[in-house]
2 protein chains.
Amino acid sequence: MNQEPRTSRVSENTEPPSRGPQLSEQVAQRLSDAIQAGEWSRGARLPTEAALGERFGISRSVVREAISMLRNGGLVTSRRGSGSFVAEAPTVSLRLAIPDPDLQSVVEVLELRRPLEVEAARLAAERRTPSQLRRIRNAMADIDEAVEAGLSGVDQDLAFHRAIAEAANNSHFTAVLDFYNRFLHQAIRVTRTNESLRDTFMQQVVAEHQAILDAIATGDAEAAARAAATHLEHAETRLRQAPTDLLERVEAQRGPASVSSTESTGGNSR
Amino acid sequence: MNQEPRTSRVSENTEPPSRGPQLSEQVAQRLSDAIQAGEWSRGARLPTEAALGERFGISRSVVREAISMLRNGGLVTSRRGSGSFVAEAPTVSLRLAIPDPDLQSVVEVLELRRPLEVEAARLAAERRTPSQLRRIRNAMADIDEAVEAGLSGVDQDLAFHRAIAEAANNSHFTAVLDFYNRFLHQAIRVTRTNESLRDTFMQQVVAEHQAILDAIATGDAEAAARAAATHLEHAETRLRQAPTDLLERVEAQRGPASVSSTESTGGNSR
DNA sequence: TTTAACATCTTGTCTGACAAATTCGGAGCA
DNA sequence: TGCTCCGAATTTGTCAGACAAGATGTTAAA
């Protein structure tokens with residue numbers, strides 16, 4: 001019947017939905033534009049799905065898909081029985097593709113992380129609470145424990161660094177570092193698995209961690225920053241010393257259907 | 001008839017969908033878990049929507065909503081007539097709420113930006129190409145021009161800093177700084193509009209910018225880092241000196257329908 | 001072998017219905 | 001009057017079935 005609403009229906013607001021990309025995408029874009037143009041202010045209720053469907057000359061399904069996109073984008077929230085509302089605090093999002101990790105992209109990420117971790121260590125030395133200091137100590141002990149148990153200790157290593165970031169008492173540091181951790185997780189796993197076979201490397205790592213911890217414990221901000229900088233420079237060096245191993249492992253993972261031993265998806269975070 | 005699939009239907013894979021959050025959310029989560037557990041490898045085609053609906057004991061609508069979420073999350077892509085596929089390079093995303101900016105949250109963001117901008121300046125001094133250097137120079141000239149024209153110069157100021165980040169030749173720096181720029185845009189606008197009325201402030205800013213530019217031009221990495229650090233510390237000082245003004249302006253903006261001119265939903269591409 | 005038409009499959013959109021939760025107004029009562 | 005409680009109306013969430021639009025693979029023809 002109205003399989004051709006684009007010709008028969010007169011939408012009171014805009015031209016008929018043109019052929020092109022996804023219809024629901026167009027609608028989502030137009031809604032987004034309308035919201036950001038201030039047609040509805042923060043926290044205000046949007047028209048009902050039925051009303052929006054009539055306004056744009058489309059079915060409720062498409063309206064729902066469009067609103068679903070905006071909801072995923074953090075621009076609106078919906079409450080069953082009540083309606084959909086413009087979000088009180090719209091969000092921006094930063095996205096990072098996770099390709100098959102190559103040395104180059106890992107190095108670039110580390111380059112960004114270094115100043116962040118250094119600053120986090122500095123702030124942690126100034127601001128850490130006693131309980132946060134305890135947590136850092138425990139995390140460091142966990143690394144030893146894991147390594148002695150024959151594990152790679154990667155998760156524990158990341159937890160150590162995360163505990164420091166938390167002690168900086170600025171949530172943006174943990175947020176950004178967590179964000180890039182998801183990228184680094186796999187690469188670090190490969191490298192450290194390799195490292196863990198070499199005792200000298202592990203001894204270095206332990207000593208460097210200890211230096212950071214000591215500086216944070218005594219509240220020496222500059223020493224903490226220096227120790228962190230040293231640690232991260234050495235980490236990059238260690239990474240570069242095993243490039244062939246890294247690439248081989250990555251290569252090997254691409255072939256088969258990737259049984260992907262990670263299985264840590266829900267592991268450390270959830 | 002089967003309005004009660006949660007009791008009558010035996011899903012071959014999991015327990016019946018429990019009462020709780022959104023059904024489509026649960027399904028999206030389980031699909032996401034399955035993908036990251038390697039059930040389908042990168043680029044592989046997912047089961048059809050009908051098949052997934054049967055597997056989870058839900059209707060196609062819910063499957064579609066769930067897949068829509070994953071699509072928005074960059075985890076899958078869909079092609080009409082062909083199917084839905086696991087993304088070749090899955091993405092992780094970092095999200096940041098943009099509330100009514102208060103001094104505290106602005107300071108926290110600046111605290112994170114500082115080490116990043118300092119490092120970017122250092123890298124820019126080492127790596128900038130001649131054309132990148134030209135672009136930084138032009139951006140700096142644009143600030144003067146805008147200020148003399150009576151504008152706030154905020155956009156040009158951000159462009160200057162962005163040009164430096166670009167000259168670091170590491171895309172992660174521009175990505176993260178752009179990300180937080182969207183948060184700071186409004187706050188900076190308010191503050192600088194205020195600053196621009198005070199010539200002393202503008203003279204300071206110009207001098208500090210000049211110092212950064214000179215260091216980058218001569219390739220002195222440490223001097224560039226120092227100059228950037230100084231600039232950002234002073235910027236924070238200037239910000240703190242006008243807290244009452246900032247808060248008043250923010251307060252005033254909450255009333256009307258808040259014509260926010262920035263940012264788009266799915267990104268800057270469309 | 002190459003090309004063109006066809007059958008089939010899959011996602012996108014439309015329609016209609018009911019379930020579940022919220023909102024609002026009025027009945028009843030103190 | 002002011003308050004509580006209950007039911008009707010409203011609105012999003014889910015279900016079901018259908019067709020449109022595009023992709024894929026097969027078959028028939030040249």
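Computed from a predicted structure; not experimentally measured. Residue numbers start from 1 in every chain, and the chains themselves are labelled A, B, ... in the order their sequence lines are given, proteins ahead of strands.
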A.B. asks: Ignoring backbone atoms, establish whether A:Ser24 has a side-chain N or O less than 4.0 Å from OP1 or OP2 of C:dT13.
C.D. replies: yes

A.B. asks: My understanding is that only residues two or more places apart in sequence, or in another chain, count here; which of them pass side chain to side chain contact (heavy atoms under 4.5 Å, CB included) with B:Val109?
C.D. replies: A:His172, B:Arg113, B:Tyr180, B:Phe183, B:Leu184

A.B. asks: Residues in side chain to side chain contact (heavy atoms under 4.5 Å, CB included) with A:Ser59, at least two apart?
C.D. replies: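 Applying side chain to side chain contact (heavy atoms under 4.5 Å, CB included) to A:Ser59 gives A:Ser61, A:Val62.
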
A.B. asks: List for me each residue that meets salt bridge (charged side-chain N to carboxylate O under 4.0 Å, His left out) alongside B:Arg135, sequence neighbours excluded, and say none if there are none.
C.D. replies: B:Glu166

A.B. asks: Please figure out whether A:Phe85 or A:Glu65 has its closest DNA chain C nucleotide nearer the 5' end.
C.D. replies: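 The answer here is A:Glu65.
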
A.B. asks: By side chain to side chain contact (heavy atoms under 4.5 Å, CB included), which residues pair with A:Glu49, not counting sequence neighbours?
C.D. replies: A:Arg60, A:Val63, A:Arg64, A:Ile67

A.B. asks: Please produce a list of atom pairs where a protein N or O lies less than 3.5 Å from an N or O of nucleotides 7-11 of chain C.
C.D. replies:
from	atom 1	to	atom 2	distance (Å)
C:dT10	O2	B:Gly81	N	3.3
C:dT11	OP2	B:Glu49	N	3.2
C:dT11	O4'	B:Gly81	N	3.4

A.B. asks: Tell me, please, which residues at least two apart from A:Asn138 pass side chain to side chain contact (heavy atoms under 4.5 Å, CB included).
C.D. replies: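 Scan of A:Asn138 (side chain to side chain contact (heavy atoms under 4.5 Å, CB included), adjacent residues dropped) gives none.
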
A.B. asks: D:dC15 P sits how many Å from B:Leu52 CG, rounded?
C.D. replies: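 That distance rounds to 14 Å.
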
